There are 2 protein chains.
Amino acid sequence: MIENTKWTGQEAACPIAPVVDIVFSRWTTPILWALHQHGRLRFVELERRVATITPKVLTQRLRQLERDGLVLRTYHPEVPPRVEYEITELGRSLAPVFATLTEWGAAHLHEVERARRDHDDAREPLDQRTYARRS
Amino acid sequence: MIENTKWTGQEAACPIAPVVDIVFSRWTTPILWALHQHGRLRFVELERRVATITPKVLTQRLRQLERDGLVLRTYHPEVPPRVEYEITELGRSLAPVFATLTEWGAAHLHEVERARRDHDDAREPLDQRTYARRS
DNA sequence: CTGTATCCAACGGGATACTG
DNA sequence: CAGTATCCCGTTGGATACAG
């Protein structure tokens with residue numbers, strides 16, 4: 001069950017690897033963000049806010065987040081059934097991480113975009129010999 | 001070529017999604033970390049430090065990082081050829097992000113591990129009816 | 001509504017061999 | 001050394017359809 005892509009002996013080489021695995025595995029960021037914004041959401045509400053996710057995958061990721069203690073699932077035995085998801089205190093403790101990320105994006109995202117344009121424009125010139133040619 | 005998994009209209013819903021795509025796509029973290037620690041590394045040195053990565057994948061990720069302006073590649077036309085990779089100023093600007101991540105890990109990683117143990121131990125009890133049974 | 005079960009396609013990535 | 005070229009397999013995730 002996923003079970004951490006083997007960072008065996010890699011934690012020492014890259015101490016943040018375990019954290020990245022937990023917080024930035026696919027779909028977790030938009031899910032946590034949605035739950036961070038609105039305090040408590042039902043399954044369909046989450047489905048709408050994440051928009052492109054399918055119910056199967058949403059379930060998988062929610063189970064993972066629940067297991068990691070970042071999200072709390074509350075089941076209401078009614079008809080029709082109602083389930084609510086909310087971010088936990090541990091999940092909220094990620095706020096500084098997200099804040100730093102937001103700040104970096106605001107300050108440097110345009111630099112990345114410019115680097116990409118420069119790189120893509122600069123391809124084809126004569127210095128291409130430092131790379132092997134494709135095709 | 002990867003070309004950002006469509007966050008079309010998703011940036012608004014999750015503003016940090018683009019940043020996550022750039023910084024936390026697979027393998028980029030250990031690579032950036034290695035280059036952050038030691039200022040300048042050759043291909044094989046990187047290969048050794050990341051350890052479990054194959055040359056093909058390492059090349060792919062380095063190209064991506066170079067295109068995003070996070071890593072600088074320097075080709076020395078010698079025999080045998082020598083190529084050096086180093087982190088750019090833009091790459092170094094990620095330091096606060098990594099620092100926040102490190103702090104969070106130090107403070108809360110054990111909580112995640114405890115949550116996992118609790119969750120795994122608690123499965124099988126009677127409340128399993130809130131989930132569908134498998135098999 | 002809140003999921004689960006199946007089938008399937010796409011892609012990342014490993015193994016291996018080879019080039020300049 | 002610094003990659004590239006193939007082949008190929010496992011996992012992720014989309015599309016349906018269906019259940020409690």
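The basis for the numbers below is simple: all heavy atoms, side chains too, and nothing from hydrogens, waters or symmetry mates. Here the structure is a predicted model, which is why all the values come from computation and not from measurement. Note on naming: letters A, B, ... go to the chains in the order of the sequence lines (proteins, then strands), and numbering restarts at 1 for each one.
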Give the nucleotide from the list [options] with an atom nearest to the side chain of [X].
X: B/Trp27; options: C/dG14, D/dA2, C/dC7; result: C/dG14
X: B/Lys56; options: C/dT2, D/dC1, D/dC7; result: D/dC7
X: B/Val83; options: C/dG3, C/dG13, D/dA2; result: D/dA2
X: A/Pro81; options: C/dT2, C/dG13, C/dT6; result: C/dT2

Verify the distance criterion only: is there a donor paired with an acceptor across the side chains of B/Gln64 and B/Ser25 at less than 3.5 Å? yes

Interatomic distance where [atom1] belongs to [X] and [atom2] belongs to [N] [whole Å]:
X: B/Leu62; N: D/dT4; atom1: CG; atom2: P; result: 10 Å
X: A/Gln60; N: C/dT4; atom1: CD; atom2: P; result: 9 Å
X: B/Tyr131; N: D/dG20; atom1: OH; atom2: P; result: 19 Å
X: B/Glu47; N: D/dC1; atom1: CD; atom2: P; result: 9 Å
X: B/Leu41; N: D/dG3; atom1: CG; atom2: P; result: 13 Å
X: B/Tyr85; N: D/dC1; atom1: OH; atom2: P; result: 14 Å
X: B/Glu84; N: D/dA2; atom1: CD; atom2: P; result: 9 Å
X: B/Arg73; N: D/dA2; atom1: CZ; atom2: P; result: 10 Å

Within less than 4.0 Å of OP1 or OP2 of [N], is there a side-chain N or O belonging to [X]?
X: A/Arg63; N: C/dG3; answer: yes
X: A/Thr54; N: D/dG14; answer: yes
X: B/Arg26; N: C/dG12; answer: no
X: A/Thr59; N: C/dG3; answer: no
X: B/Arg82; N: D/dA2; answer: no
X: B/Arg42; N: D/dC1; answer: no
X: A/Arg61; N: C/dG3; answer: no

So do A/Val23 and A/Thr29 actually touch side chain to side chain, heavy atoms under 4.5 Å? no

Separation between CD (B/Glu111) and NE2 (B/His108), nearest 0.5 Å, reads 5.5 Å

Between B/Phe24 and B/Phe98, how do the two ring planes meet: parallel, tilted or perpendicular, split at 30° and 60°? perpendicular

Counting only heavy atoms from other residues, nucleotides and ligands, does the tally under 6.0 Å from CD of A/Glu89 exceed 12? no

